[in-house]
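These notes concern the structure reproduced below.
In each ligand, atom 1 is the first atom listed, and ligand 1 is the first ligand listed.
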Amino acid sequence: AKPTGRYLHKDHQLWAPLTLADFEAINRCERSLPKNFNFAGDVLDQWSQKEKTGERPANPALWWVNGKGAEVKWSFEELGSLSRKAANVLIKPCGLKRGDRVAVILPRIPEWWLINVACMRTGLVFMPGTTQLTAKDILYRLRASKAKCVVVSEEVVPAVESIMSECPDLETKLLVSPHSKNGWLSFQELFQSASAEHSCVETGSQEPMAIYFTSGTTGAPKMAQHSQSSLGIGYTLCGRYWLDLKSSDIIWNMSDTGWIKAAIGSVFASWLQGACVFVHRMAQFDTDTFLDTLTTYPITTLCSAPTVYRMLVQKDLKRYKFKKLRHCLTGGEPLNPEVLEQWKAQTGLELYEGYGQTEVGIICANQKGQEIKLGSMGKGVQPYDVQIIDENGNVLPPGKEGEIALRLQTTRPFCFFSEYVDNPEKTAATIRGNFYVTGDRGVMDSDGYFWFVGRADDVIISSGYRIGPFEVESALIEHPAVVESAVVSSPDPIRGEVVKAFVVLSAPFKSSNPEKLTLELQDHVKKSTAPYKYPRKVEFVPELPKTITGKIKRNVLRDHEWGRT
Ligand code: BCO
């Protein structure tokens with residue numbers, strides 16, 4: 001009989017569980033992907049076994065606190081049995097079937113991890129979204145994905161209720177809350193009575209596992225689909241060499257549940273190494289609570305956006321004695337060398353930057369043990385061959401600026417996203433010759449270190465968020481004061497860059513008080529689309545620079561903002 005694992009050994013006779021060494025070999029392209037792979041069965045349940053045999057230290061798999069006294073600590077064994085119960089909730093009362101898409105819009109609560117793992121166990125496609133999404137954003141996501149189920153916390157209920165009649169494919173609404181609500185299935189109630197017996201589905205390695213919505217210059221966000229192995233195996237080396245994790249470590253990765261950085265740091269890379277994932281549910285980010293957390297809990301590893309470190313170095317960090325912190329990471333936007341230096345001077349700790357994308361994961365990183373060159377985002381990471389290329393797909397020599405690209409082997413690397421769902425044109429547009437193009441510009445030096453220059457398109461990277469100008473412009477145009485607008489990035493000492501809107505006013509609003517109108521427009525955008533996208537700077541202009549064919553020249557405005565000629 002075949003035991004729990006699904007890896008066919010070299011002799012093609014024996015089945016044995018996949019090991020970390022197998023996953024590393026797959027990432028190094030020394031071994032092919034197994035036919036089937038399921039992160040819950042092949043990774044989490046293996047760690048649960050190791051807990052029983054004492055091969056893993058007594059360290060929780062998940063450690064959650066809310067700063068108000070509530071605390072949850074689950075071992076891999078507990079995570080296993082609780083997520084099997086959650087799987088039974090999704091399958092039975094919710095009536096979901098393998099391959100169905102589930103939109104999960106939850107804050108940092110333990111149930112997010114349970115439902116995430118439950119989706120893996122049942123072969124459901126998990127679609128995370130930040131709770132900052134507005135009704136309009138949710139409507140777009142549910143319709144575009146034809147999601148069968150939406151799982152939300154209480155604060156998201158009004159938004160879903162206001163649009164659900166326009167979502168014909170939506171069959172189930174699951175509420176995660178201590179209170180039940182008419183028209184909603186209660187996760188808590190169903191969970192209480194659910195069985196903890198569930199057999200993990202044998203998902204194919206290339207079977208879809210998750211969909212992330214990602215913004216571009218034009219149009220609505222695209223649906224980047226990842227497979228069981230791209231997320232479930234693809235972060236093995238990242239967990240070991242960038243995050244430098246062992247099963248005795250406790251990692252606090254700050255990212256919101258809606259972003260792939262949460263999947264990397266708070267699920268896959270960390271649990272592949274058997275480390276403990278620490279979560280603090282802060283109602284609102286604040287530096288004092290943040291620093292107190294590091295002094296209270298034995299967190300060994302910290303991963304946060306550069307914006308957070310920029311905020312932290314404003315404080316007198318020498319006053320804080322971090323309990324166990326030994327390794328600090330950052331990513332999502334470029335880190336300024338001054339911040340790295342200030343962090344090191346005040347804490348004695350290096351800051352290891354990683355650079356990546358929702359579509360392809362970590363591309364470059366300063367890995368532990370590697371010399372850090374100030375201002376560089378490190379070297380390309382395995383299995384990627386990272387190059388700088390020109391507009392024709394030719395590799396550029398060191399020192400020349402071009403587009404950051406990944407060389408494609410004969411087959412698409414397994415850790416790539418599979419496609420932008422229902423969008424073959426945009427999927428194809430990521431390929432240039434023999435390369436995947438990131439849309440970011442950079443330079444490589446003769447030692448193979450990469451420097452980030454900026455986006456090749458109009459996408460804005462603010463506080464680690466990727467913001468499409470079109471989405472903000474579409475929100476602004478809904479306001480009667482706005483005739484047209486152009487949205488570009490503008491420098492900011494804390495957030496790296498922020499969203500700036502140049503707005504042409506309609507006649508009735510031309511004499512309005514500019515400060516009041518700015519606030520009104522900002523508030524309007526926060527209500528129309530996820531608030532993190534709102535224009536932190538607004539300038540009223542008589543007209544926008546345009547090409548002869550009438551296309552707005554965002555580059556002229558952006559260059560002006562950044563003081564470029
Ligand atoms: O700053 P403001 O107060 O003016 O505005 C904030 C919020 O107050 C406001 N807001 C939020 N919910 C609202 C609301 N306003 C009205 N109604 C609501 N319901 O909207 C603004 C949101 O901005 P924020 O999220 O930047 O807030 P904050 O508190 O300043 O947080 C700072 C950070 C640094 C904690 C936050 O920006 C952050 O978490 N950034 C990191 C994002 C991230 O994880 N990116 C990684 C993406 S994945 C990736 O890059 C791939 C790598 C492989």
- Message: Regarding R141 and D137, does a basic nitrogen lie under 4.0 Å from an acidic carboxylate oxygen?
- Response: no

- Salt bridge E359-K222, side-chain N to carboxylate O under 4.0 Å: no

- Message: I'd like to check the ring-ring contact (aromatic ring centres under 6.0 Å, His included) partners of Y352; sequence neighbours left out, ordered by chain and number.
- Response: H327

- Item | Contacts of D256 that satisfy side-chain contact (heavy atoms from CB on, under 4.5 Å) - sequence neighbours left out | R108, T130, W259

- Message: I'd like to know if the side chain of R143 reaches the main chain of E166, judged simply by a donor and an acceptor atom lying under 3.5 Å from each other, with no hydrogens or angles considered.
- Response: yes

- Residues two or more places apart in sequence or in another chain: which of them pass side chain to side chain donor-acceptor pair (under 3.5 Å) with W343? none

What short N/O contacts, under 3.5 Å, does ligand 1 make with the protein, listed by atom pair and distance?
{"from": "ligand 1", "atom 1": "1 (O)", "to": "R536", "atom 2": "NH1", "distance (Å)": "2.9"}
{"from": "ligand 1", "atom 1": "1 (O)", "to": "R536", "atom 2": "NH2", "distance (Å)": "3.0"}
{"from": "ligand 1", "atom 1": "4 (O)", "to": "Y534", "atom 2": "OH", "distance (Å)": "2.5"}
{"from": "ligand 1", "atom 1": "23 (O)", "to": "R536", "atom 2": "NH2", "distance (Å)": "3.2"}
{"from": "ligand 1", "atom 1": "25 (O)", "to": "Q132", "atom 2": "NE2", "distance (Å)": "3.1"}
{"from": "ligand 1", "atom 1": "25 (O)", "to": "Y465", "atom 2": "OH", "distance (Å)": "2.6"}
{"from": "ligand 1", "atom 1": "26 (O)", "to": "R495", "atom 2": "NH1", "distance (Å)": "3.0"}
{"from": "ligand 1", "atom 1": "29 (O)", "to": "Q284", "atom 2": "NE2", "distance (Å)": "3.4"}
{"from": "ligand 1", "atom 1": "30 (O)", "to": "R495", "atom 2": "NH1", "distance (Å)": "3.4"}
{"from": "ligand 1", "atom 1": "30 (O)", "to": "R495", "atom 2": "NH2", "distance (Å)": "2.6"}
{"from": "ligand 1", "atom 1": "40 (N)", "to": "S463", "atom 2": "O", "distance (Å)": "2.8"}
{"from": "ligand 1", "atom 1": "44 (O)", "to": "S255", "atom 2": "OG", "distance (Å)": "2.8"}
{"from": "ligand 1", "atom 1": "45 (N)", "to": "G464", "atom 2": "O", "distance (Å)": "2.8"}

